[in-house]
Amino acid sequence: MGKEKLVVEVVAARNLMPKDGQGSSSPYVEVEFEHQRRRTRPKHKNLNPVWNERLLFDVSDPDDLPYRAIDVSVYNDRGAQGRGVGGRNFLGKVRIPAAGVPAPGEEAIPQLFPLERRSLFSHIRGEISLKIYRTAIDSGRALTKADGGGRNKQQQAVAPPTKQIPSAVLTPPPLVKQTPLPARQQDPAPTEVKSVVLAAPEQTYPMPASFSSGRGGRTQDFTLKETRPLLGGDGADRDKASSTYDLVEHMQYLYVRVVRARDLPTGGCEAHAEVKLGNYRGVTRSSTAAGAPLWHWDQVFAFSKDSIHSSVVEVLVRNGGGPTTKDDFIGRLSFDLGELPWRAPPDSTLAPQWYRMEGKAGERAKGELMVSVWFGTQADEAFAEAWHSRAAGVHGDSLGSIKSKVYVAPKLWYLRVSVVEAQDLVVPCAVPGRFPEIFAKGQVGSLVVRTGFAALLPNRAPSNPSWNEDLMFVVAEPFDDLVAVSVEDRVSPGRDEVLGRVAVPLSAIERRLDDKPVASRWFALDRGQGSSRFGSRVHLRLSLDGGYHVLDEAAAHSSDLRPTARQLWIPRVGILELGILGASGLALSKASGTADAFCVAKYGPKWVRTRTVVDSVCPQWNEQYTWEVLDPCTTITIGVFDNGRLGCGTPRVDARIGKVRIRLSTLETDRVYTHAHPLLGLHLSGVRKAGELHLAVRFSCADAASMLHAYARPLLPKMHYVDPLLVGQVERLRFQAVETVAARLGRAEPPLGREVVEYMLDHGSHLWSMRRSKANFFRLVSVLSGLVAVGRSIELLRSWRRPVHSVIFIIAYLLFILLPELILPTSFLTVAVIGLWRYRLRPRHPPHMDTRLSHADAAYVDELDEEFDTFPTSRGPEVVRMRYDRLRSVGGRVQTVVGDMATQGERVQALLSWRDPRATFLYLMFCLMAAVLFYAVPVKVLAGAWGLYVLRPPSFRNRLPSPLVTFFRRLPTKADSLL
């Protein structure tokens, strides 16, 4: 078997756009894969051409195919018109992910692909039929190659895949109504034509087995795949230590910066500039000359490498701010792309220059324009705020929602309001027989927390209640809010009467870093009834606790464990670098059959958002970000979303596609991990793969000693152990923290939607789920399986099925009895040897979402429907009754297990309780005899005798339970007293 090849068989095309000015075109197909470019022969004046040509490409690494794509472009050959005119016209393109290409030996069928536009202003129509597959070529065989001119050098044998369908004429799908095709002209080299069954019209590209829904016997691939992208550019500069973007592939862009214009013949009216490159056109905002005759724009336009199909870029200046006409032309500049400079950081920004503009006929026009034009990469400073040719169809306010941004979450504090007591309350006249039910209520914004009812004490009047309770809130900097404390009386169910109220600014509250209590104060209560002879007051102790870490994520995979106060922070232990390369095979969430995907990564208070790649299911971002790491036992979360804010009208929510978690402690230091992580989503129909996210991750260690010392530090700050919060308080405060973070990030520009923040922070992870309960139960069983395995091994030794092993174990046991000082050294040495032996079997890849561990592949439909149900439920009474009965059955089994455990503990307590006097008397007699025996006989002898007795052969044992076990089971329990 030789080297693997990729074969792209160009079958035919139909209904192409005429581009030769005579109602026809001379089309040819150009295919590019891994920097290899091949093309077919042009078909002279044919809008429905048939090629039936096979183009061959070398595959450098088959394992890297899921990260690659095949670019197919159709052009009109203007040189085929016979008029001496060169060049070409764009007729359409198709981008196909290489992940779905059949492997050698698999069936390959032609697929119908609609031709896509290159930009919003491209006039494209038609479809193209392609058959793509991989094959392994022997050393003595080769495929037909096409040279750069489109002519075949040789015609040799091809190794097609099994069950290959012969080349075919493209027939229209039965669901699409089209006019009859015109008669096709006779080609110079006619080929045999046979009919073929085409794919369904809605299938735009072949999906791999890993992306299928599992129907038809095909299973989804949920595994983690290692990739080998070309990080840091080509081999010449990929190893530079100073490279800022060394974890992503370099993407080349043409940058055009239009700064300002002067001396324009507009009379001070509005003017705008246009940047034109081929069929792409970017327009600046309109500007009016103010004061001096200067029109200021200062906008940058970025054109990706694959959208450059011209050798000249033009900058035009037009009069007015509305639609352009032929009469509003002022002047233009032209730049040859072959003479433009190349800029790469850390070079300084290219200085713009003044250029004299030209007229329509090339004459010198009035006015000058300040521009700068250069080639660069995504590492350029102008990349983030530039207008991109890929997003040419996005206009207006939607432009702000597609740019990459970095967000910083607000610093969160715990606000502790200790309500001690109140004095001189004016309690309304009580109804005979009713005692006042007085409580205190604290409010910050929309968050309300209340105390319990004050207890009635004999030494305190109802007007002087006492509580001594703490009310906890989550507040964020800057402190521009108030905390309001009110004392109320429960007059009747659903009716509370306010007895007094006080409001304190958060900025005036004292901050504390340790467990030392702050000074308490008396605050006058405002009853809202004007002046009164007696003044009610409340005793409060207010503090902002900075010694805690405010949890906004689930504790199992938190990304930040620092206390709030910066004075308590520890030095960093390393640097985390993340390269978001791209995604492949994303799930289609829009009716248009495409996706507008962007990524969000969260680690600590820093949130990053990549730019939105418009209309692509295989987006390429190639953006790199960096975080400081203070604790290696933390987790970074990366989520993929579909931008729902690009359309007109009311913005939709951003649909979630999937997310990935990577625990930093599982990464080796200074190693680059490049993997395709599966994006798994749980739906009502079950678990589903929504694509793959390609990442490059590197965890660099700044100080190895500090990192190793971090494993000995407490996981949480000191205040969590000195003055711990209750479990219920932590969960309620986490809900408040998520609400606060979502509200603050939602006010950024572009806003980070609430649905994105809640999905990244696992907002609903505390809700009940039968699937998650099963997963946790089987996790516990897996942990206890080690002890069960040890017990089974001992039973195997006691059974003497392997006499040699039993004898060796008895000898070792007696040796440890005689030399007990060898027990601990031997145990630790054994554990060390086992750990060193398992080093060669250590995991080579970071962990990923496991469907089997999550019990997602075995969940029932009703269990998933219950998990996705709202709280409170929105289902009907019959469904709720069925789920309640099921929960009762599960609770009954748990109840039985808990009762059995309580029974065994009560039997131990009954040994000395004299509840069964005869059993207690027998146990005391046994203890007295055991005391005499252990005093008279050495412990080594007793331990050796007991071991030999337990390990005696089965022929010397009785199958009945031992007397000690029988005695223990006969002890009384409190189960007899239960109703």
Side-chain angles (χ1 to χ4, degrees), residues 776-843 852-853 893 896-912 919 922-971 973:
N776 292 332
F777 172 76
F778 284 108
R779 287 172 58 198
L780 180 60
V781 170
S782 177
V783 171
L784 298 178
S785 61
L787 300 178
V788 175
V790 172
R792 290 177 179 176
S793 301
I794 295 176
E795 288 297 328
L796 181 62
L797 294 173
R798 293 181 67 236
S799 66
W800 288 79
R801 296 178 184 175
R802 298 176 180 177
V804 177
H805 294 180
S806 300
V807 171
I808 293 175
F809 182 78
I810 290 175
I811 294 174
Y813 178 77
L814 295 177
L815 179 62
F816 287 135
I817 291 297
L818 296 176
L819 301 173
E821 62 273 9
L822 296 179
I823 296 178
L824 291 180
T826 305
S827 301
F828 287 116
L829 180 61
T830 303
V831 173
V833 171
I834 294 175
L836 293 176
W837 176 259
R838 291 187 177 182
Y839 177 77
R840 61 186 184 90
L841 303 176
R842 68 189 185 279
R852 185 173 300 275
L853 179 64
R893 291 194 292 268
T896 302
V897 173
V898 174
D900 293 340
M901 296 174 61
T903 297
Q904 306 304 324
E906 291 171 353
R907 284 172 178 169
V908 175
Q909 294 177 351
L911 289 173
L912 298 175
L922 292 176
Y923 178 67
L924 294 180
M925 295 303 296
F926 170 77
C927 291
L928 292 175
M929 290 186 294
V932 174
L933 182 63
F934 277 92
Y935 179 76
V937 182
V939 178
K940 295 182 180 180
V941 177
L942 293 177
W946 176 80
L948 294 176
Y949 175 78
V950 172
L951 297 173
R952 68 190 185 278
S955 58
F956 296 97
R957 291 203 300 261
N958 192 356
R959 295 185 178 181
L960 297 178
S962 64
L964 294 178
V965 175
T966 303
F967 173 78
F968 183 77
R969 291 177 178 176
R970 290 180 177 274
L971 293 173
T973 64

K.L.:
Any pair with a residue in residues 788-814 that passes salt bridge (charged side-chain N to carboxylate O under 4.0 Å, His left out), sequence neighbours left out, goes on the list, sorted by first then second residue, please.
P.N.:
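Sorted result for residues 788-814: Glu795-Arg798.
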K.L.:
Would a distance-only check, ignoring hydrogens and angles, find a side-chain to backbone donor-acceptor pair under 3.5 Å from Arg838 to Gly835?
P.N.:
no
K.L.:
I'd like to check Leu924 versus Leu911 (side-chain heavy atoms, cut-off strictly below 4.5 Å). Are they in contact?
P.N.:
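Leu924 does not reach Leu911 side chain to side chain.
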K.L.:
Given side chains that start at C-beta, do those of Ser799 and Leu796 come closer than 4.5 Å, heavy atoms only?
P.N.:
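Ser799 reaches Leu796 side chain to side chain.
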K.L.:
Roughly how far, to the nearest 0.5 Å, is OG of Ser785 from CG of Leu780?
P.N.:
10.0 Å
K.L.:
Let's go through Arg969 and Val965 carefully: what are the C-alpha distance in whole Å and the side-chain angles of both, what is the deciding distance for side chain to side chain contact (heavy atoms under 4.5 Å, CB included) to 0.1 Å, and is it a yes or a no?
P.N.:
CA-CA 6 Å; Arg969 291 177 178 176; Val965 175; 3.6 Å; yes
K.L.:
Could you tell me the separation between the CD atom of Glu906 and the CE atom of Met901, rounded to the nearest 0.5 Å?
P.N.:
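Going from CD on Glu906 over to CE on Met901, the span is 12.5 Å.
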K.L.:
Using a 3.5 Å cut-off and no angle test, enumerate the donor-acceptor pairs between side-chain atoms of residues 810-831 and protein atoms at least two apart in sequence or in another chain.
P.N.:
residue: Tyr813; atom: OH; partner: Ala943; partner atom: O; Å: 2.7
residue: Thr826; atom: OG1; partner: Leu822; partner atom: O; Å: 2.5
residue: Ser827; atom: OG; partner: Ile823; partner atom: O; Å: 2.8
residue: Thr830; atom: OG1; partner: Thr826; partner atom: O; Å: 2.7

K.L.:
Using modelled atom types only, decide if a donor and an acceptor are shared between the side chain of Ser806 and the backbone of Leu797 within a distance under 3.5 Å.
P.N.:
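Present.
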K.L.:
Side chains of Arg907 and Thr903, heavy atoms from C-beta outward: is any pair under 4.5 Å?
P.N.:
yes
K.L.:
Surrounding CZ of Arg840 (heavy atoms of other residues, nucleotides or ligands, distance under 6.0 Å), is the total greater than 12?
P.N.:
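Yes, the 6.0 Å shell around CZ holds more than 12 heavy atoms from other groups.
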K.L.:
Has Arg970 got its NZ or CZ under 6.0 Å from the middle of the six-membered ring of Phe967, at an angle within 45 degrees of the ring axis?
P.N.:
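Judged by the rule, Arg970 and Phe967 form no cation-pi pair.
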K.L.:
With a cut-off of 6.0 Å (strictly less than), are more than 12 heavy atoms of other residues, nucleotides or ligands near CZ of Arg779?
P.N.:
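No, the 6.0 Å shell around CZ holds no more than 12 heavy atoms from other groups.
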K.L.:
For a 4.5 angstrom cut-off between non-hydrogen side-chain atoms, does Phe968 reach Val908?
P.N.:
yes
K.L.:
Strictly distance-based, threshold 3.5 Å: is any side-chain N or O of Trp800 a donor or acceptor partner for the main-chain N or O of Leu951?
P.N.:
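Checked: pair present.
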K.L.:
Closer than 3.5 angstrom, by distance alone: can the side chain of Ser793 be matched with the main-chain N or O of Ala789 as a donor-acceptor pair?
P.N.:
yes
